[in-house]
Amino acid sequence: MAYDFKSAEAKWQAKWEQSGVFHAVDFSEKKKFYALVEFPYPSGAGMHVGHIKAYSGLEVLSRKRRKEGYNVLFPIGFDAYGLPTENYAIKTGIHPRIVTDKNIEKFSSQLKRVGFSFDWDRVIDTTKEDYYKWTQWIFLKMFEHGLAFRDKTLVNYCPSCKVVLSNEDSQGGKCDICHSDIIQKSKDVWYLRITAYADRLLQGLDKVDYLPNVRLQQENWIGKSTGAFVNFKIKDTSETLRVYTTRPDTLFGVTFMVMAPEHPMLDQYKDRISNFAEVEAYRAASAKKTEFERTQLVKDKTGVKLSGFSAINPVSGKEIPIFISDYVMMGYGTGAIMAVPAHDQRDYDFAKKFGADVVEVIKGGDIEKEAYTGDGEMVNSGFLNGYTNKKDSIAAMVKFLEEKGVGEAGVQFKMKDWAFNRQRYWGEPIPIVYCDDCGMVAVPYEELPLKLPKVENFAPGSDGESPLAKIPEFVNCTCPKCGKKARRETDTMPQWAGSSWYFLRYIDPRNTERFAARDKLDYWGMVDWYNGGMEHVTRHMIYSRFWHKFLYDLGEVPYDEPYAKRTAQGLILGPDGDKMSKSKGNVVDPNDVVDVFGADVLRTYVLFMGDYEKAAPWSESSVKGCKRFIDRTWGLLDILTDGEGYSKELESAFHKTVKKVSEDIENLKYNTAIAALMTLLNTIYDKGSVTRGELFTFISLLDPFAPHVCEEINEKLGCAELQATSAWPTYDPAKCVDDEIEIAVQINGKVRARLMIPADCGSDAAVSAAKENADVQSFIAGKTVIKELYVKGRLVNIVVK
RNA sequence: GCGGAUGUGGCGGAAUUGGCAGACGCGCUGGCUUCAGGUGCCAGUGAAUGCAAGUUCAUGUGGGUUCGACUCCCGUCAUCCGCACCA
């Protein structure tokens, strides 16, 4: 009889839910295992098959762990604050709350149809009051500890629209909406001081098991560099200009200095700088440049030489000019550099254009042509002359600077503080009040959550302010400190806030007293295995590690690092090989696949289609292959014979497959695990019959991938216990090897024959067996044997001349 | 520019980490079943050459190490992904 996946899948999904087998048990005696997948953003488009692949990896592992006797926490939730929902609301006038609830319902039903073994009792939604109460709570703790602060920074701003624009919306220096010129405006924004944790975020990577490229991307993002700070005296003042450099040993080669146009010292000394008008004109011009222009015009350096404002080289005592140029960024280092044109290509380009001196201090290149950045002997460098090792010369110079009191060793990070506020409606309100007398005051903890009020119009105001600013009942309040009239902060938190701690809430999702009870945090501990997309490695992953470390410092969580292990799945591309997108119309809807082929086929295919960590295109016809596999598995019932154990012919095949599947699942090699099961299935059909014991083992192995058909067969076999809770099969290593094996016989490295020998055959016996072979003899006849070797279980190679 | 990854049949991909290249699946060809389409089942399927047993060539490309290289080393080309005037 044909397998009716529709009724079987609905039936088993209902049974799993009724029996509660996938519920994680707090404080269970069993060993715990916490598997985490990145929770989805519930967009209106619904899920696509990429989500299914992302969850199927740890789904298989979770099901295996339960069978192995673990108490598994495998939760799911929704990261529901964000722009797409808000934009949809602006367009349609439907409230984001309604849209979000509808989308979450759709996502949930899609996930349930696939039969994922999530603990649905622990579902969370970041936009619910009982959740974001704690997001706000963590923010306030950061505020209390000085990690949340306001600062002025440069942003893209359209003076006509009175709105802050992103770089994408301000290309070519024109406003995307009104086409007037964009200016860089300094604006007061909220920051989280993630840089305070830069070093620990880097060092913490030693304690965890992340995929190498995940780790590397985080290291690059944090971008630690070691070097030195050097203070250059400004001529005829008591002022010093401080710079950061990774090569303090090239100090004798410094022939000028460059400051960022926005450097505050310029304003301080505008009376001394006789061409300050030029400075201001340059500032205006460079402020107009977009990020795009700045990076595209790398070769073409611009700048202004300051008149009446020069520096003294601390090692040579020579006077050197100071320039301003936008190739120096205010946001990195000190906003000023010492230029070593002979050994830095950017400085070299600038020196050539502005006629500055080029002094070679490291031998080995041709500084007539270009800057030399390699290693070599130090020259023209006073006490450093003769040094050939970079490390030594840097150390010697740093020692000199520190003794003279004109500099010291130091480190810099590329990572910047996290700009944290958005002028948007659909996000967590920032729980801060502005009081004329008291300044910024935190909303008292007992008043959390600070609820997001209902509004009618979700569009940001023409002044670039959040829609919340238009609600007097929300804005106007009293100062929690002095009781006088005050104003609320009207901006909301960014998309990334709620996801920065969600893995902790799963541990105790309904707690009203704390974000999670301490004893439960102690029990569940770190996330044992976290899987998600590469696109979240440098933002969500870093942000959430930062929040977690902060909570650890407060003593609120037991571990410093949140995730013990991190992996990432590859994308599913459209059938055309392009990235799936709505505009290209190549998106595959999991519902369609479930309708036509069933959930088991979908689950099996997304893991079988290729290397789990690599991108692979969707192929409708390959899906059919998995459909056949599921149907043929069902068909085993037709060739069922009595017998609990393995038949003699299949015994070693079963032991080998149990081993292979067990190991492959642990190593994300789902595709070869499924291939091994297909091979075993073919072997069974070749034999023509299957014992009850064999079939039971087969479905036990397949169950994590295709649980519905396995439960159905399990029931047909008369098993009272659910397949979901039955034990994972074990294997005997001794039975994974055959008594007799086939080896290849090579002559001069080329395969000329194959023969069967006993597995425990020794080297001499194998070689002489090979030589007895007629084919082999014809190849060695009349030639001299130079060398004979036997690789155990693999081959014999005879080298002849 | 810097960093990382990848390159294997018509396609997705395997290869115990230096040991029989192409597992498994798709597709294709032929056959059986069928009024027919689909399903299902059986056989074949890297290329060249040969009636055939076979032989030769093949893992982007050029060299090298080795009895033996998809795997290690040096060079080179292509594609993809990060970061990007980071001092």
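Proteins come first, then strands; the chains are lettered A, B, ... in the order of their sequence lines, and each starts at number 1.
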Which nucleotide, rA15(B), rC41(B), rC24(B), lies nearest any side-chain atom of Arg632(A)?
-> rC41(B)
Specify the separation, in whole Å, of atom [atom1] of [X] and atom [atom2] of [N].
X         : N       : atom1 : atom2 : answer
Arg794(A) : rA21(B) : CZ    : C1'   : 14 Å
Lys224(A) : rA87(B) : NZ    : P     : 14 Å
Trp618(A) : rC26(B) : CH2   : P     : 15 Å
Met259(A) : rA87(B) : CE    : C1'   : 15 Å

Tell me what Glu742(A) touches on the nucleic acid: a base, only sugar-phosphate, or nothing, going by heavy atoms under 4.0 Å.
-> base
Answer with base, sugar-phosphate or nothing: what part of the nucleic acid does Lys416(A) contact at a heavy-atom distance below 4.0 Å?
-> nothing
How far, in whole Å, is [M] from [N] if one measures between their [atom1] atoms?
N       : M       : atom1 : answer
rU71(B) : rC86(B) : C1'   : 37 Å
rU29(B) : rG46(B) : C1'   : 16 Å
rG68(B) : rG19(B) : P     : 15 Å
rC57(B) : rU6(B)  : C1'   : 26 Å

For the side chain of Glu38(A) and the backbone of Gly533(A), is there at least one donor-acceptor N/O pair under 3.5 Å apart?
-> yes
Interatomic distance, Cys626(A) atom SG to Asp600(A) atom CG [nearest 0.5 angstrom] | 11.0 Å
Considering only heavy atoms, which members of residues 654-667 of chain A lie under 4.0 Å from some atom of RNA chain B?
-> none
Here the residues of residues 248-258 of chain A within 4.0 Å heavy-atom distance, strictly under, of RNA chain B are none
Pull out every protein N or O sitting under 3.5 Å from an N or O of nucleotides 56-58 of chain B, one pair per line with the distance.
unit_1	atom_1	unit_2	atom_2	d
rU56(B)	OP2	Arg752(A)	NH1	3.4

Would you tabulate the nitrogen or oxygen pairs shorter than 3.5 Å linking the protein to nucleotides 63-72 of chain B?
unit_1	atom_1	unit_2	atom_2	d
rC67(B)	O2	Asn797(A)	ND2	2.3

Across all chains, not counting sequence neighbours, the side chain to side chain contact (heavy atoms under 4.5 Å, CB included) partners of Val49(A) are Ile572(A), Met580(A), Val588(A), Pro590(A), Leu602(A), Trp618(A)
Report the secondary structure of RNA chain B in dot-bracket form, marking unpaired bases with a dot and bases paired to a different strand with |, and treating Watson-Crick or G-U pairs with both distances under 3.5 Å as paired.
-> (((((((..(((......[....)))((((((.......))))))((((....))))..(((((..]....))))))))))))....
